Amino acid sequence: MRVVRAAVGPKAEPTSVSKRLTVGEWADMLGRFRHALAAGAIYDRELVQLVEPLGGVLEAFQRRSSRSQALAGGRRWR
């Protein structure tokens, strides 16, 4: 009879810990994404995968910015 023992170490932390990004972190991430696009670090053939997600982000941003402008008395912001 052969007994096989598994090595047991410390519990691993979950790899998909959800962290809420700050506005500054989002701005940094989007800036890096913009630079990657401009530099050609993302291949043309890969751009099609970004159409739907980026379209959704743009629509949500436009909805929120329109609402924010209305709340601010119609003043435009940049």
Side-chain angles (χ1 to χ4, degrees):
M1 176 182 217
R2 184 173 167 193
V3 178
V4 178
R5 293 185 184 183
V8 178
K11 283 190 174 182
E13 293 295 318
T15 56
S16 62
V17 175
S18 179
K19 176 191 169 216
R20 184 175 188 271
L21 298 179
T22 66
V23 172
E25 290 169 326
W26 279 114
D28 180 58
M29 185 184 310
L30 289 170
R32 287 185 286 137
F33 179 66
R34 178 177 51 96
H35 287 297
L37 279 173
I42 299 172
Y43 295 112
D44 289 346
R45 68 179 177 269
E46 298 171 322
L47 293 177
V48 71
Q49 297 174 25
L50 298 171
V51 171
E52 188 175 332
L54 286 175
V57 168
L58 181 59
E59 288 173 15
F61 182 82
Q62 289 172 331
R63 268 194 313 274
R64 289 291 306 272
S65 66
S66 296
R67 193 171 7 166
S68 296
Q69 288 174 18
L71 292 173
R75 292 186 303 237
R76 301 225 14 115
W77 51 272
R78 291 182 185 227

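Quantities reported herein were computed from a predicted structural model and do not represent experimental measurements.
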Task: Side chains of Arg64 and Phe61 in contact at under 4.5 Å (non-hydrogen atoms) - done: no

Open item on the list: Would you say Leu30 ends up clustered with Leu37 if hydrophobic residues are merged whenever their side chains have heavy atoms under 4.5 Å apart, either directly or through other cluster members?
Closed with: no

- [ ] Work out which heavy atom in Arg20 is nearest to a heavy atom in Glu25; give both atom names and the distance.
- [x] O-OE1, 4.3 Å

Open item on the list: Between Phe33 and Leu47, is there shared hydrophobic-cluster membership here, with clusters defined by ILVMFWY side-chain heavy atoms closer than 4.5 Å?
Closed with: yes

Task: Crowding at CD, Glu46 (>12 non-hydrogen neighbours, <6.0 Å) - done: yes

